[in-house]
2 protein chains.
Amino acid sequence: MKFTGKWLMAALLAVLPAWAVAEDGYELWLRYRPLQGPALVQLQAGAKSIVRTGADSPTLQAAVAELKRGVAGLTGREPALTSRIAPGALVLATAASAPAGLALPWAELGAEGYALRRLKLQGADVTVIAANSDIGLLYGSYAWLRAAQTGADLASLDQRSAPKVKLRMLNHWDNLDRHVERGYSGASIWDWWKLPEILDARYTDYARANASLGINGTVLNNVNSKADSLTGPWLAKAAALAGVFRPYGIKVYLSARFSAPVELGGLKKSDPLDPAVRAWWRAKADEIYKTIPDFGGFLVKANSEGQPGPQDYGRNHADGANMLAEALAPHGGVVLWRAFVYAPEAKDRAAQAFDEFQPLDGKFAPNVIVQVKNGAIDFQPREPFHPLFGATPKTPLALELQITKEYLGFATHLVYMGPLFEEVLKADTGRGGTVARVVDGSLARHPLTAVAGVANIGTDRNWSGSQFDQANWYAYGRMAWDPDLTAAAIARDWAAQTFSTRPAARDAIVDLMLASREAVVDYMTPLGLHHLMGTGHHYGPAPWVDNLERADWNPTYFHRAAKDGIGFDRTAKGSNAVAQYAPSVARLWADPRSTPPELLLWFHRLPWDHAMPSGRTLWAELVARYDRGVATVADMRRRWAALGPHIDAGRHAEVSAYLAQQEREARWWRDACIAYFQSVSGLSLPAGARPPERSLDDYKAQRFPYAPGKG
Amino acid sequence: MKFTGKWLMAALLAVLPAWAVAEDGYELWLRYRPLQGPALVQLQAGAKSIVRTGADSPTLQAAVAELKRGVAGLTGREPALTSRIAPGALVLATAASAPAGLALPWAELGAEGYALRRLKLQGADVTVIAANSDIGLLYGSYAWLRAAQTGADLASLDQRSAPKVKLRMLNHWDNLDRHVERGYSGASIWDWWKLPEILDARYTDYARANASLGINGTVLNNVNSKADSLTGPWLAKAAALAGVFRPYGIKVYLSARFSAPVELGGLKKSDPLDPAVRAWWRAKADEIYKTIPDFGGFLVKANSEGQPGPQDYGRNHADGANMLAEALAPHGGVVLWRAFVYAPEAKDRAAQAFDEFQPLDGKFAPNVIVQVKNGAIDFQPREPFHPLFGATPKTPLALELQITKEYLGFATHLVYMGPLFEEVLKADTGRGGTVARVVDGSLARHPLTAVAGVANIGTDRNWSGSQFDQANWYAYGRMAWDPDLTAAAIARDWAAQTFSTRPAARDAIVDLMLASREAVVDYMTPLGLHHLMGTGHHYGPAPWVDNLERADWNPTYFHRAAKDGIGFDRTAKGSNAVAQYAPSVARLWADPRSTPPELLLWFHRLPWDHAMPSGRTLWAELVARYDRGVATVADMRRRWAALGPHIDAGRHAEVSAYLAQQEREARWWRDACIAYFQSVSGLSLPAGARPPERSLDDYKAQRFPYAPGKG
């Protein structure tokens with residue numbers, strides 16, 4: 001008897017115990033569920049065998065294994081690995097190993113890019129996955145599987161892609177005790193205690209997921225780091241992980257504690273100009289590279305929020321970064337030096353990174369990248385792009401995005417961050433190009449470029465704490481590879497791979513995702529408001545907090561709401577932080593009339609009755625935005641409920657429960673903020689607006705001990 | 001076309017992508033993998049349909065769902081639920097709903113027991129699962145599935161079982177921030193932050209696994225508790241879990257902080273004789289039962305290791321326990337009051353619980369159970385049974401076992417604790433019966449009885465941190481139901497359900513498991529030594545530690561090794577703790593000649609040249625035992641390696657890696673301890689003994705920061 005895969009898969013899906021096909025989110029976007037109809041026929045015809053033309057390598061083995069796994073899942077039949085080019089073959093070819101007759105634009109693929117093309121080769125109709133390197137072939141294999149999963153026309157496939165950014169990194173804020181700072185998806189997936197001996201199978205799946213997006217670097221430990229991570233036993237653990245990741249093209253980096261020479265080396269100080277300190281770091285780098293020959297480098301948070309740094313010795317950030325760069329340079333390592341700094345005495349926190357770093361432009365060693373958050377405060381639902389972008393033409397800047405939703409409802413709220421990432425990447429710096437052109441190095445012709453995403457990955461079965469938070473990891477990775485992709489296109493790919501290839505269901509999911517980011521801005525921080533969240537937990541609303549140790553930790557510092565108005569004046573009349581932007585941008589944002597409503601209260605303090613473009617007063621507009629945010633979440637719930645027939649029951653019910661909570665909490669944000677703003681403004685609600693559910697005192701009395709992810 | 005399940009399962013196992021059938025340990029012993037050969041034929045014939053005779057209930061739905069799932073997995077065909085008694089049916093019947101003609105010894109089954117019997121009913125050859133309650137039917141369904149999985153002869157099935165202990169509990173030492181004290185398998189599975197709204201599917205699988213063993217109570221939070229867990233928001237979270245567990249017969253309990261009336265109620269004190277304090281607890285109990293109508297009760301750690309308690313006000317443990325009992329009694333709740341207490345000033349920690357609790361016998365309210373650890377120190381690899389067992393005839397005692405391996409190599413070492421549990425249960429107290437007869441209440445005719453196991457459950461995919469640690473959860477649950485089961489029989493069931501039903505493979509696994517506990521005793525603490533572990537982490541050896549804040553935290557306090565000998569003198573010449581045992585036992589253990597070698601240095605301090613029954617000196621015997629421990633682990637590795645063909649590759653490789661680490665660390669324990677004992681005794685090694693690998697200073701210099709599970 002002979003059975004087609006299609007027949008067999010259908011039969012077994014009907015009879016298999018539930019556990020075997022239950023959807024729990026662990027497989028992420030690499031689910032490879034059976035195709036049906038024409039897509040199945042087309043894939044069967046195009047993936048009959050796999051042909052490897054070059055010499056074997058661990059990376060090629062990973063590519064072949066993934067192709068086998070993917071095709072087996074999608075069609076029910078695992079293609080064999082052969083060396084014979086036959087009709088329907090998937091041919092993996094590098095420029096060096098390419099079979100006779102295969103002409104491709106090899107040069108354009110670069111070191112990591114790939115081409116996917118359906119063509120005739122030696123008389124046979126085959127699909128070629130081509131690249132100049134094995135890692136390019138692995139990326140191409142994942143791209144081909146993505147095409148197969150998302151319904152691309154495999155019969156006429158002709159794609160080409162090369163990454164625009166060199167270092168595409170995840171930053172794990174994972175502590176050595178497995179607590180994840182600002183992590184909302186369980187504990188750290190690094191089981192440090194059992195490393196290096198015990199290698200959890202999850203490490204490999206982590207590498208697969210990242211390689212499928214093109215992520216090629218991972219910083220294992222928190223930027224608020226312990227020196228221990230640089231000691232021998234911990235380097236051995238990092239080396240074990242590096243060994244798992246290596247075939248997938250992922251390099252390991254470590255956050256380095258600036259005072260390690262004191263804490264580990266017994267030196268009296270960690271002054272970057274002290275020869276003994278420099279020697280200690282050189283020796284430490286040598287030791288690291290002996291353990292991890294392809295070690296990526298150091299990420300450093302220095303002189304920021306209590307971390308040690310060069311300023312402790314009267315030196316500047318360039319002095320500190322260059323010392324580490326000197327130690328790493330002989331080995332090819334890089335320093336990612338964070339620009340997230342603020343001193344207690346300064347008058348506007350939003351202006352400080354620029355003030356400290358812009359004057360250092362040109363002072364950094366060639367293997368230093370300054371890593372800058374997307375905005376100047378701290379990963380708020382919306383911030384204008386950071387004024388450093390474009391302002392340091394002699395210094396490559398990495399863009400740091402936060403995938404984990406510290407200020408956006410943790411894992412509980414459905415917020416697709418693709419539009420947030422896209423917004424910052426496409427922002428025009430006024431200095432010759434967008435943020436994307438700064439970050440990809442094209443504007444100032446930097447060869448060393450980087451993007452970093454603060455990971456939302458933990459031990460939760462679904463990795464990211466919720467099904468939809470996986471989309472933020474995915475979107476980050478895709479945009480790190482190509483900052484010009486749109487959030488919408490990425491959402492389409494993700495939804496098709498993760499939930500349903502049926503266009504109607506897929507598009508309904510995408511619509512819901514695309515609405516979600518503006519919704520969270522509306523119900524948390526509309527019209528340019530920012531930093532209104534509760535102390536410590538950073539989850540719920542607390543615009544009333546005014547008693548913290550530092551002025552610029554208080555929400556009242558940022559919103560400045562009072563009887564006469566609301567907003568932070570960053571024009572020349574105020575902190576003048578707006579002047580840090582290029583003149584064309586600064587001019588626009590210095591005037592409330594030309595400032596987009598979305599950023600209005602970021603740059604301006606205005607009376608409550610300020611007239612908005614909508615014709616409403618500022619106060620009425622504020623309430624309307626809060627209402628719109630809550631309404632959008634309610635609408636997201638309805639849209640999701642309607643998707644029931646197209647989604648497996650387990651994930652549908654789980655997302656439904658999360659959305660129900662999000663709607664309650666969107667209302668909480670709206671009501672608590674409106675109640676508070678009323679209390680300072682004395683204004684009554686606009687006609688027809690629903691009064692807050694509870695009293696302001698009730699909202700103030702709420703406490704959230706044991707919130708996850710605290711620092 | 002029509003296919004047998006067997007054919008289909010075989011076909012699909014061949015073609016399914018690896019992920020669908022990968023063994024990662026998540027399914028525990030409820031794997032339901034396809035049977036083959038005669039066992040398959042027999043099961044197919046005996047499970048054609050499921051007949052429910054009584055009214056539907058959530059518990060019956062759980063039973064039917066598990067039977068369907070199990071039979072579908074084992075045979076490839078899911079039986080239908082019908083009301084027609086036909087040949088090959090599985091008939092679920094209670095005494096009340098039993099079909100005409102079904103005669104069974106109903107009375108003997110009690111409230112929770114079950115019978116499984118193959119018989120003719122209304123002319124049809126059926127299997128009856130019978131009980132007096134729906135929960136009995138659920139337990140019976142799991143027992144029948146266990147019989148099916150382990151190769152019992154289903155054609156002549158005739159089993160009957162009723163639990164001998166009333167409360168069969170897990171104690172979770174889980175903190176509200178998801179850290180698990182002494183937990184080595186990831187974070188707490190209670191995702192408190194997302195509760196009560198979000199119910200992880202894992203909660204249901206937790207309930208299934210426990211119900212399959214007969215566990216019927218779970219204490220959700222750490223005995224070192226925070227008062228917060230008794231506040232409204234946290235009670236709502238506990239109630240949500242209780243709702244998941246209820247159909248599975250599992251009641252929720254909470255650890256109660258004795259000072260909660262002060263911390264939550266604003267009272268000045270928590271004196272148990274203060275009427276205001278009593279009123280506070282009564283009101284709190286009323287509130288809890290409004291939220292969780294079937295709440296089980298409180299577990300309390302009081303006046304122990306810094307926890308508040310009645311002694312803070314000059315009251316005793318009975319005063320404290322009875323106050324809580326009074327609050328719970330109207331609702332049917334119980335108090336589990338722990339006897340693990342020790343004060344800094346006392347001369348022998350082993351004697352203190354007895355000294356404090358034995359005089360209170362008869363003073364406790366009827367709904368109080370005193371919960372006693374298996375031994376008088378703290379969950380060491382081997383301790384003599386606790387002297388309280390049998391010494392408080394008027395007070396029911398719960399046996400507290402530690403499933404999590406705080407002192408036995410965490411999750412990393414393979415140690416099957418069945419023999420440890422069996423050893424204490426079968427120990428003759430000398431007061432009329434064994435510990436089992438004390439615990440099951442038969443000795444003193446107590447109706448209220450309990451066993452508690454400190455859980456080894458966490459977010460690790462395999463639940464327990466290693467594949468083999470699942471066996472300790474399993475063995476605990478089986479022995480809690482029936483303290484007379486043997487560790488060997490339980491290991492056979494577990495190995496068959498978890499790894500292989502092939503008798504040769506199964507028995508090889510059992511042999512390895514049964515050898516493992518004596519091995520850990522030998523390589524960690526042979527001959528009655530105890531408490532030799534490192535400070536804080538409790539993992540590796542540190543017999544040299546002598547500088548801790550309290551004398552009885554120091555290993556040197558416990559081993560007392562010096563030039564002239566080694567051991568703790570607990571005879572009349574020493575602390576005389578031995579006198580706490582019944583005279584027949586005390587007499588035996590007061591004399592080194594009649595003390596079993598396994599307990600020798602627990603009770604006696606002896607010269608290094610003391611002659612052992614083996615003919616060796618004490619010193620030579622000590623070294624020989626250390627060597628035996630290391631050799632046994634090496635042998636376990638060889639046995640496991642030979643099992644390769646019978647075990648799935650993933651789990652085989654994982655266990656192999658763990659065993660390799662265990663062998664290295666067994667050697668570490670042996671070498672570090674021998675090096676230390678040599679340093680104090682000045683003795684040279686016995687002829688032929690291998691010298692320690694490294695110097696004593698090397699062992700002393702090792703540090704283990706960030707060890708998991710610290711308190």
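Lettering follows sequence order; numbering is per chain, from 1.
The shortest distance between side-chain heavy atoms of A:Pro705 and B:Asp228 falls below 4.5 Å.
Atom NZ in A:Lys710 sits 10.0 Å away from atom CG in B:Asp177 (nearest 0.5 Å). To the nearest 0.5 Å, the span separating OG1 on B:Thr412 from NZ on A:Lys194 amounts to 6.0 Å. Here OH of A:Tyr184 is found 13.0 Å from CG of B:Asp191. Values are rounded to the nearest 0.5 Å.
Contacts of B:Arg202 with chain A are absent, with no heavy-atom separation under 4.5 Å from either backbone or side chain. For a residue to count as touching a neighbouring chain, one of its non-hydrogen atoms must lie under 4.5 Å from one of that chain's; by this rule A:Asp24 touches chain B with the side chain only. Neither the backbone nor the side chain of A:Arg703 comes within less than 4.5 Å of any heavy atom in chain B. Both the backbone and the side chain of B:Glu197 come within less than 4.5 Å of a heavy atom in chain A. Heavy-atom distances place no part of B:Asp200 under 4.5 Å from chain A, backbone and side chain included. In this structure, chain A has no heavy atom under 4.5 Å from any part of B:Ala201.
Comparing A:Tyr26, A:Trp192, A:Tyr539, A:Phe704 by heavy-atom pairs within less than 4.5 Å of chain B, the highest count is held by A:Tyr539. Of the listed residues B:Ala707, B:Ala653, B:Ala187, B:Ala411, the one with more heavy-atom pairs under 4.5 angstrom with chain A than any other is B:Ala707.
Of residues 457-466 of chain B, those residues with a non-hydrogen atom less than 4.5 Å from any non-hydrogen atom of chain A are, in numerical order, B:Thr459, B:Asp460, B:Arg461, B:Gly465.
Side-chain atoms of A:Lys226 and B:Tyr706 form no donor-acceptor pair, as typed in the model, at a separation below 3.5 Å.
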